Amino acid sequence: MSTADAPVATLTPIEARLELERLASAIARHDHAYHVLAQPVISDAEYDALVRRNAAIEARFPEFVRPDSPSRRIGAAPAEGFRKVRHAVPMLSLDNAFTDEDVREFASRLRRFLGLAADEPVAMVAEPKIDGLSIALRYENGRFVQGATRGDGTEGEDVTANLRTLADLPRTIVGAPRVLEVRGEVYMTKADFLALNARQESAGDRVFANPRNAAAGSLRQLDPRVTATRPLSLFAYALGEVSEPVADSHWHFLDHLRQWGFKVNPLAKLCPDADAVLAFYHQIGNDRAGLAYDIDGVVYKVDRFDWQARLGTKDRSPRWAIAHKFPAEQARTRLKAIHISVGRTGVLTPWAELEPVNVGGVVVSRATLHNEDDIRRKDIRAGDTVVIQRAGDVIPQVVGPVSDQPRGRGEYSIRAALTPPGGDHPVCPACGSHAARAENEAVWRCTGGLVCPAQAKERLIHFASRDAFDIEGLGEKNIEFLWDKEYIRQPADIFRLGEENRVRLQKLENFEGWGKRSVEKLFAAIDARRTVPLERLIYALGIRQVGEATAKRLARHYVSFCHWREAMEAAAAGDDEAYRDLTSIEDIGPSVAADLLAFFAEEHNTTALDKLVAQLRRIDDARAAHTGGSPIAGRAVVFTGTLATMTRQEAKARAEALGAKVVGSVSRKTDYVVAGTDPGSKATEAQKLGVPILTEQQWLDLVKG
DNA sequence: GAGCCTCGAGTTCC
DNA sequence: CTCGAGGCTC
């Protein structure tokens with residue numbers, strides 16, 4: 001018995017709801033079969049019929065539209081259309097070098113870290129840096145099973161179906177490890193880009209600003225059939241997760257890639273030393289315009305894999321590679337005026353209003369000027385003709401005025417700009433509070449703090465932002481609106497929005513741009529965040545100098561909200577022990593501690609915090625830093641004497657990678673002292689305190705196990 | 001006391 | 001992404 005063919009007009013509400021449920025799951029199944037498995041089980045026409053019927057029923061029974069409705073998914077922004085994929089091995093970014101000198105420093109850093117002699121060369125592979133999108137391609141048992149974008153490096157988007165449409169992508173490979181993740185760059189050639197744009201234009205579709213945007217836009221199509229019509233190319237150049245070693249050097253690895261059927265950039269070159277990579281760089285720089293594709297520099301990688309492993313990675317980039325960038329593309333334009341904006345912490349940032357100008361395919365109309373010193377150093381004035389470039393090809397910067405054009409009138413003074421006509425001191429442009437530049441700081445600040453509306457608004461934007469409370473639909477624009485209509489003044493108000501709206505005469509849903517649906521969706525999104533992990537709550541408060549990393553450390557140290565809060569209030573009230581406990585946390589020194597305590601010393605803040613907490617359902621305790629499987633995780637280690645198999649710097653990096661904390665001096669809290677030859681006083685001290693002393697070999701055995 | 005490394009804050013465009 | 005500043009090491 002099925003209602004699937006019944007005219008929509010005859011459906012009862014119960015039937016409608018059941019069928020919407022059935023359609024949602026059927027369409028999701030077909031989507032999976034089509035996009036992920038690439039084995040559709042019904043025809044496109046049949047699929048379209050299901051989608052149309054779903055839409056028709058929703059139109060008649062809007063109250064039954066499901067949160068997972070196919071209509072929402074299809075109309076949704078592409079970012080919501082792809083499944084998230086966690087990278088087994090993070091996709092790191094690269095440090096940049098801009099000058100030959102930077103590259104030589106890189107080479108000597110490598111030698112220092114590896115403990116090589118100053119004249120010992122480090123062979124590197126140099127490859128053009130393609131201006132496209134990084135992707136990760138996963139093969140299991142020789143079959144391509146998943147492709148993902150880089151995303152933030154930890155988590156990307158599943159674009160498997162789209163990648164399958166690329167001619168350069170091998171579907172199967174022979175003789176590869178059971179699990180093999182190849183990394184590469186998806187790009188569009190200059191010729192393909194021009195042809196595509198011509199096609200787009202004659203079809204009345206949007207044209208792309210540059211090949212990179214065209215490649216990105218094409219790969220992020222929700223419909224792989226569209227991607228299939230786009231001329232995308234692929235170069236492979238790196239290794240991700242792998243079930244067994246495949247090579248002993250990068251150069252040999254590139255050979256494997258070719259044998260497996262990947263395109264490898266034919267210009268890649270094995271260079272014996274820094275001089276050779278620099279020669280390569282300048283050669284490529286000269287040939288750049290003649291290449292079929294855009295490049296923005298050259299990448300150098302230490303060739304030997306064993307050295308790469310020893311060098312390891314630091315925060316977000318490997319120590320064994322660097323990107324040598326070409327000079328950024330520049331443009332000149334007129335700087336119309338200098339304005340000043342107010343940040344969340346009261347920082348007053350000057351920014352330039354520009355005559356819109358195309359820089360590397362993107363029209364730029366404003367650029368930050370950072371601070372007073374920067375403006376003075378470059379002598380930038382309103383009315384100047386200036387050179388603009390995009391740093392790292394993203395954020396526009398003002399390089400400086402050009403000399404062959406008439407200069408703007410008078411040197412710029414931020415003090416004068418902040419001082420109102422007839423006034424005698426600088427004030428915040430948003431609230432009129434005193435503005436000042438602290439003795440040893442580069443920025444001017446509004447001293448209005450809690451009374452400055454601009455700061456309050458910025459704090460709310462921060463509160464709701466992705467890394468804080470992550471309230472969907474509550475971005476800058478809506479917060480601005482809700483602030484102006486006096487719906488919200490502090491974080492707690494966000495959670496009272498529903499109640500507030502009920503008592504208002506003019507309801508939110510009656511304002512332009514706020515349908516009933518979008519208001520309900522917003523309230524639901526807010527409600528979903530009444531449970532929050534402690535670290536997010538701490539970060540969301542916007543305490544100066546407390547960003548994501550510090551918030552996480554605080555959460556892990558104090559574990560529960562009550563614990564944390566009591567400790568902060570105690571320390572703010574002068575409790576010495578609480579203060580010492582706080583500053584014992586890594587990276588929290590007197591300065592960060594002072595800002596934390598200043599927050600808790602202010603009654604305004606604690607009251608606002610109380611009100612917020614009253615609105616929340618639960619604050620989840622932090623998980624104590626997971627100690628992993630490593631035997632030295634969480635242990636404090638001291639190295640002393642000369643080590644035979646590694647440099648001190650390397651020993652430290654490796655110990656830290658395994659979760660240990662490497663400290664400089666021996667105390668009762670030290671877990672191990674590792675003594676090389678000629679150990680100094682640290683070993684004696686360890687003996688006195690009864691701290692275990694390991695030889696280098698014992699240490700290596702411990703780490704291995 | 002200098003230098004390295006990380007973190008925080010502010011920011012542009014689509 | 002970049003700059004400035006804090007924390008920590010040598």
Side-chain angles (χ1 to χ4, degrees), chain A residues 77-79 93-96 98 105 109 112-113 206 208-210 212-214 216-217 220 313-317 319 323 325 328 339-354 356-375 377 388-399 437-445 454-455 458-459 461-462 465 467 476 539 542-553 583-596 638-640 647-649 652-653 656 661-665 680:
Chain A
S93 49
L94 295 178
D95 275 352
N96 291 325
F98 295 97
E105 265 169 36
R109 253 200 322 273
R112 217 179 316 139
F113 197 100
R206 63 175 278 230
F208 294 98
N210 51 51
R212 193 168 105 102
N213 284 3
R220 300 189 79 254
T313 64
K314 45 183 194 185
D315 189 29
R316 276 187 286 266
S317 52
R319 282 199 194 81
K325 296 297 204 69
H339 304 278
I340 294 171
S341 69
V342 186
R344 158 169 74 86
T345 61
V347 171
L348 301 171
T349 307
W351 56 274
E353 181 191 349
L354 305 167
V357 62
N358 193 316
V359 192
V362 174
V363 176
V364 172
S365 57
R366 34 190 316 189
T368 177
L369 295 172
H370 296 121
N371 58 52
E372 186 175 24
D373 295 345
D374 205 40
I375 295 177
R377 205 160 35 232
I388 307 294
Q389 68 179 21
R390 295 201 298 147
D393 278 340
V394 185
I395 305 202
Q397 12 174 259
V398 177
V399 179
R437 177 173 170 177
E439 184 109 17
N440 40 13
E441 282 197 323
V443 296
W444 283 73
R445 283 198 145 88
Q455 286 188 51
E458 293 295 328
R459 277 198 299 270
I461 291 166
H462 170 79
S465 68
D467 297 325
E476 189 165 344
Y539 173 66
I543 299 166
R544 212 194 274 178
Q545 297 200 86
V546 179
E548 265 189 286
T550 307
K552 190 171 270 175
R553 285 200 188 106
T583 50
S584 76
I585 301 171
E586 199 180 349
D587 282 335
I588 297 185
S591 170
V592 175
D595 280 329
L596 266 162
V638 173
F639 290 97
T640 178
T647 63
R648 185 72 73 82
Q649 196 184 4
K652 174 170 150 62
E656 282 172 351
K661 189 178 172 189
V662 177
V663 290
S665 57

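Everything quoted here is computed from the prediction, not taken from an experiment. Chain identifiers are assigned alphabetically (A, B, ...) following the order of the sequence lines, protein sequences preceding nucleic acid strands; residue numbering begins at 1 within each chain.
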Phosphate-side-chain proximity, A:T368 and B:dT12, N/O vs OP1/OP2 below 4.0 Å: no
What's the closest nucleotide to the side chain of A:P396 if the choices are B:dT12, C:dG7, C:dG6? B:dT12
When rounded to whole Å, the CZ to P distance for the pair A:R366 and B:dC14 reads 12 Å
A:R437 and A:D373, any side-chain heavy atoms less than 4.5 Å apart: yes
The residue, A:V363 or A:D587, whose nearest nucleotide of DNA chain B is more 5′ is A:D587
Would you mind reading off the distance between A:E458 atom CD and B:dG8 atom P, rounded to a whole angstrom? 18 Å
side-chain hydrogen bond (donor to acceptor under 3.5 Å, both in side chains): pairs with one or both residues in residues 586-595 of chain A, sequence neighbours excluded: A:Q545-A:S591, A:Q545-A:D595, A:R553-A:D587
Within a strict 4.5 Å, meaning less than it, do heavy atoms of the A:L348 and A:V342 side chains meet? yes
Heavy atoms only, 4.0 Å cut-off, all strands: where does A:R553 land among base, sugar-phosphate and nothing? sugar-phosphate
When we call it a touch if two heavy atoms are under 4.0 Å apart, what does A:V443 touch: a base, just sugar-phosphate, or nothing? nothing
Between A:T345 and B:dG10, is there a contact of a side-chain N or O with OP1 or OP2 at under 4.0 Å? yes
What nucleotide, of C:dG6, C:dA5, B:dC7, holds the atom closest to the side chain of A:T550? B:dC7
Is there side-chain contact between A:I388 and A:V399, with at least one heavy-atom pair below 4.5 Å? no
A:W444 CH2 to C:dG4 C1', straight-line distance once rounded to whole Å: 18 Å
Please report, rounded to the nearest Å, how far the P atom of B:dC7 is from the CZ atom of A:R544. 20 Å
Expressed in angstrom and rounded to an integer, what is the separation of A:D467 atom CG from B:dG10 atom P? 15 Å
Rounded to the nearest Å, what distance is computed from the CG atom of residue A:D374 to the P atom of nucleotide C:dT2? 13 Å
Which is true for A:N371 with a 4.0 Å heavy-atom rule: it touches a base, it touches only sugar-phosphate, or it touches nothing? sugar-phosphate
Figure out the CD/C1' separation between A:Q397 and C:dT2, and round it to whole Å. 7 Å
It should be established whether A:T349 places a side-chain nitrogen or oxygen under 4.0 Å from OP1 or OP2 of nucleotide B:dT11. yes
Side chain of A:F98 only, heavy atoms from C-beta on: which candidate in B:dA9, C:dT2, C:dA5 is closest? C:dT2
Find the distance A:I461:CD1 to B:dT11:C1' and express it as a whole number of Å. 13 Å
Go through residues 588-595 of chain A and report each residue with a non-hydrogen atom lying under 4.0 Å from DNA chain B, sorted by number. none
Do A:Y539 and A:H462 have side chains that get closer than 4.5 Å, going by heavy atoms? yes
Side-chain touch A:L369/A:D374, heavy atoms, less than 4.5 angstrom: no
Please collect all salt bridge (Lys or Arg N to Asp or Glu O under 4.0 Å) contacts where either partner lies in residues 360-371 of chain A, sequence neighbours excluded, each pair once. none
Using only side-chain N and O atoms of A:R344, determine if any of them is under 4.0 Å from OP1 or OP2 of B:dA9. yes
When rounded to the nearest 0.5 Å, the distance separating CD of A:E372 from CD of A:E441 is 12.5 Å
Kindly point out which of C:dG4, C:dA5, B:dT12 is positioned nearest to the side chain of A:R377? C:dG4
